[in-house]
Amino acid sequence: MRKNKIFIRLFLISVITLFLVIPVSANVYQSGENNESYMISPLSDPPSSFDLRNVAGENYVTGIRDQGGYGTCWTYGFCASLEGNLLMTGNWDAAGETGEPDLSEAHLDWWNGFNKHNNDDDPGGGGLDVHYGGDYMVSSAYQVRGEGVVREIDAPYDELPTPPERDDPSYHYYYPMDIEWFVAKSDLSNINTIKNILMEKGVIGTAFCVSSSYWQDYGDYIAHYQPPGTTDDPNHAVAIVGWDDDKVTPALDNGAWLCKNSWGDWGPEHGYFWISYNDKWCGHHPEMGAVSYQGVEYEPFDYFYYHDYHGWRDTMTDVSEAFNAFSATGEEDIVAVSFYNAEDSVTYTVKIYDQFVSGKLQDELSSKTGNIDYKGFHTIELDTTVSITAGDDFYIYVQLSNGGHPFDRTSEIPVLLGASRSRVVVKSAALPGESYYKNGSTWYDLFDYEFSDSSWNESANFCIKGLTGERISAIPDLDCEGQLRWEKVTPFTKVTGNFTVENIGEEYSELDWTITEWPEWGDWTFSPKSGINLLPDDGMITIEVSVMVPEDENKVFTGDVKVVNTNNESDFEIIDVYLKTPRSRGITFNFIIKLLDRFPILQQILSVLSII
């Protein structure tokens with residue numbers, strides 16, 4: 001009975017204390033969970049419709065062009081993608097250009113290297129008819145060897161009948177750091193990947209078959225659908241600039257891509273139209289269905305070392321290790337290496353060696369390993385540049401975890417958009433000692449490889465390039481979000497929390513970061529405590545924090561956690577820290593006694609209630 005009475009006394013004292021104290025001393029604190037903003041990543045949940053012409057009021061699509069009576073649609077689909085990426089990144093303005101991005105279809109048409117006008121591997125030989133045929137593999141080979149692309153003012157399309165100069169000191173060259181190929185798959189299971197890439201990287205090149213059998217005019221828009229069971233090949237290239245999951249087309253299921261044409265002010269939407277998600281080729285052709293040109297920059301490199309003039313024409317699927325041998329033409333620095341990968345999700349290792357002696361690569365000069373998410377062409381900036389002088393031999397080695405090694409060889413061009421004939425042979429050339437592949441533990445010269453078609457022999461080289469220059473790396477920008485706050489935690493116990501680290505800097509920048517400072521009280525653990533090569537595309541990474549609480553009771557502990565960009569100490573972030581331990585039981589009773597002294601009316605109330 002006595003214990004119950006004591007309990008009742010303490011309970012009533014506590015209740016009355018709350019009513020007396022809270023109105024004058026309450027300090028409301030909202031936890032981080034309530035204040036945390038929720039952001040949907042564009043890479044996780046694309047909306048049901050999207051239009052690059054209006055992204056929060058910004059337009060990332062250049063104006064409608066007109067190819068005229070020439071079969072140059074593929075040059076327009078290609079340039080539309082690069083121009084869109086330049087708009088999205090701001091790299092056109094950063095290069096000091098004026099107006100909207102406008103790149104030269106004419107220069108690509110004349111100097112792609114696959115036509116009768118020019119083929120460095122087969123001067124005066126055959127190839128495509130100029131102005132009539134090409135595809136995105138052709139345009140990619142032209143660009144990644146540093147041939148182009150140049151501005152419209154450098155080689156105007158309205159002068160197309162006359163070939164422009166191949167190069168000129170006044171030309172401005174633009175280069176894509178990455179080119180990636182996508183397919184939606186027959187069940188559309190990969191369609192969100194294409195949508196996400198379009199939202200993040202900009203306009204995507206595509207192709208389809210123009211035929212009156214596949215068009216339908218809905219009055220205020222035109223829609224296209226070629227059933228997958230038909231046999232017509234693609235014959236026209238355009239660019240994807242958006243989508244609508246509910247768009248009605250001739251297909252059974254709704255959903256279509258919004259496309260930019262190159263026929264001038266055509267159709268009810270003045271140059272734009274729709275192609276069904278289920279079209280046979282748009283979004284589905286492995287080389288033309290969805291091609292994204294990314295990280296387009298103004299003249300990022302000075303010189304390109306390569307042997308694969310025509311780029312990716314075939315793949316040695318059973319080869320994982322290859323290298324190209326080069327001889328330096330001047331005094332310069334190798335700052336990057338480029339190559340193609342034939343499959344998604346590839347781990348690569350790039351190395352540069354000084355010697356190839358007795359069948360072995362020796363004297364490693366630089367090395368880098370990383371991961372690539374998507375099939376395509378990729379430029380890898382070296383962590384350690386390699387200085388070379390005229391006459392130096394050097395060897396660029398690339399190992400790919402899966403998919404084999406893409407290579408150039410004499411080949412037929414299977415997709416000739418706008419051409420009068422379906423296939424044409426384009427000759428490539430090679431020399432002994434240029435490209436090597438590994439079989440078992442032995443290196444073999446690709447020049448000696450015997451193909452199933454003898455016309456391909458002595459024409460093959462791997463698509464491995466060395467890029468030189470005084471590369472100015474993209475600038476990272478450290479950003480941290482979160483706070484570390486713990487209240488009423490018991491001394492000598494462990495508490496946990498977290499915050500995030502992100503690189504919000506320029507595209508392709510790499511952030512190296514570390515935690516340099518934290519409070520002196522407590523025993524702190526961070527996982528991870530540092531990181532390297534964090535890309536903007538990697539998004540936020542979470543830092544898990546644990547602290548052993550000090551022994552002090554009834555005390556507030558504060559401080560900061562400092563996170564620093566290790567390559568730029570002026571770029572840092574501060575995470576606020578707050579920890580409070582509770583009062584002990586003895587302190588609580590002392591507080592009640594002081595409270596009774598301060599509020600005599602409380603003692604009278606308790607006396608009336610016969611509690612004290």
Side-chain angles (χ1 to χ4, degrees), residues 50-68 70 72-111 139 142-143 146-177 179 198-205 237-242 258-267 269-272 291-301 472 474 506-508:
F50 184 78
D51 189 338
L52 281 169
R53 298 172 299 176
N54 184 5
V55 181
E58 294 291 332
N59 174 31
Y60 297 120
V61 182
T62 54
I64 292 293
R65 318 288 195 220
D66 192 344
Q67 70 187 71
Y70 299 100
T72 53
C73 58
W74 59 283
T75 68
Y76 282 92
F78 163 80
C79 287
S81 179
L82 275 79
E83 290 168 356
N85 184 259
L86 285 167
L87 272 177
M88 184 165 280
T89 62
N91 286 345
W92 181 262
D93 290 340
E97 311 286 7
T98 58
E100 71 172 17
D102 194 358
L103 301 174
S104 174
E105 294 83 8
H107 191 273
L108 167 60
D109 182 47
W110 279 101
W111 294 107
S139 58
Y142 153 89
Q143 191 165 41
E147 193 85 50
V149 63
V150 301
R151 300 170 302 173
E152 176 67 15
I153 60 174
D154 296 327
Y157 193 78
D158 59 12
E159 300 175 8
L160 188 66
T162 302
E165 292 296 324
R166 183 171 185 174
D167 53 67
D168 188 277
S170 66
Y171 285 180
H172 287 192
Y173 292 85
Y174 284 86
Y175 172 88
M177 300 294 285
I179 307 170
L198 186 137
M199 285 193 294
E200 184 182 1
K201 305 297 185 182
V203 178
I204 290 176
V238 292
I240 299 173
V241 302
L258 174 61
C259 295
K260 173 187 175 183
N261 208 344
S262 55
W263 294 345
D265 188 6
W266 165 84
E269 293 189 275
H270 306 286
Y272 294 90
V291 187
S292 173
Y293 294 84
Q294 306 167 8
V296 184
E297 296 186 26
Y298 168 65
E299 300 184 5
F301 306 109
I472 300 175
E506 296 177 356
E507 189 174 19
Y508 300 100

Between atom [atom1] of [X] and atom [atom2] of [Y], what is the distance when rounded to the nearest 0.5 Å?
X      : Y      : atom1 : atom2 : answer
Leu108 : Cys79  : CG    : SG    : 6.0 Å
Tyr174 : Glu297 : OH    : CD    : 10.5 Å
Ile204 : Gln294 : CD1   : CD    : 8.5 Å
Glu200 : Asn85  : CD    : CG    : 10.5 Å
Asp93  : Thr98  : CG    : OG1   : 9.0 Å
Trp110 : Glu165 : CH2   : CD    : 12.5 Å

Check: With distance as the sole criterion, is a donor-acceptor pair present between the side chains of Ser262 and Gln67 under 3.5 Å?
Finding: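 Per modelled atom types, Ser262 and Gln67 side chains form a pair under 3.5 Å.
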Do [X] and [Y] have side chains that approach each other closer than 4.5 Å (heavy atoms only, starting at C-beta)?
X      : Y      : answer
Leu103 : Tyr76  : no
Thr62  : Leu87  : yes
Arg166 : Glu147 : yes
Glu299 : Tyr175 : no
Phe78  : Val149 : yes
Gln143 : Ser139 : no

Margin query: Is there a salt bridge (Lys or Arg N to Asp or Glu O under 4.0 Å) between Arg151 and Glu83? Walk through the geometry before answering.
Written below: CA-CA 10 Å; Arg151 300 170 302 173; Glu83 290 168 356; over 6 Å; no
Is the backbone of [Y] close enough, under 3.5 Å, to the side chain of [X] for a donor and an acceptor to pair up by distance?
X      : Y      : value
Asn91  : Val296 : yes
Lys201 : Gly84  : no
Trp111 : Pro164 : yes
Lys260 : Val203 : no
Asp154 : His172 : yes
Thr162 : Glu159 : no
Asn54  : Gly57  : yes

Margin query: For Val55 versus Asp51, what's the shortest heavy-atom pair and its separation?
Written below: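 Scanning both residues, the minimum pair turns out to be CG2-O, 3.6 Å.
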Checklist line | For the student: nearest non-hydrogen atoms of Ala106 and Ala155, plus distance | finding: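 Minimum heavy-atom contact is CB-O, 3.6 Å.
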Checklist line | Full working for side-chain contact (heavy atoms from CB on, under 4.5 Å) between Tyr272 and Ile64 | finding: CA-CA 8 Å; Tyr272 294 90; Ile64 292 293; 3.7 Å; yes
Notebook entry, point to check: Under the salt bridge (Lys or Arg N to Asp or Glu O under 4.0 Å) criterion, do Arg53 and Glu269 qualify, and how do the steps go?
Noted result: CA-CA 13 Å; Arg53 298 172 299 176; Glu269 293 189 275; 5.1 Å; no
Check: Name the one of Tyr173, Tyr171, Tyr142, Tyr157 that satisfies side chain to side chain donor-acceptor pair (under 3.5 Å) with His107?
Finding: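 Of all the options given, the one that passes is Tyr142.
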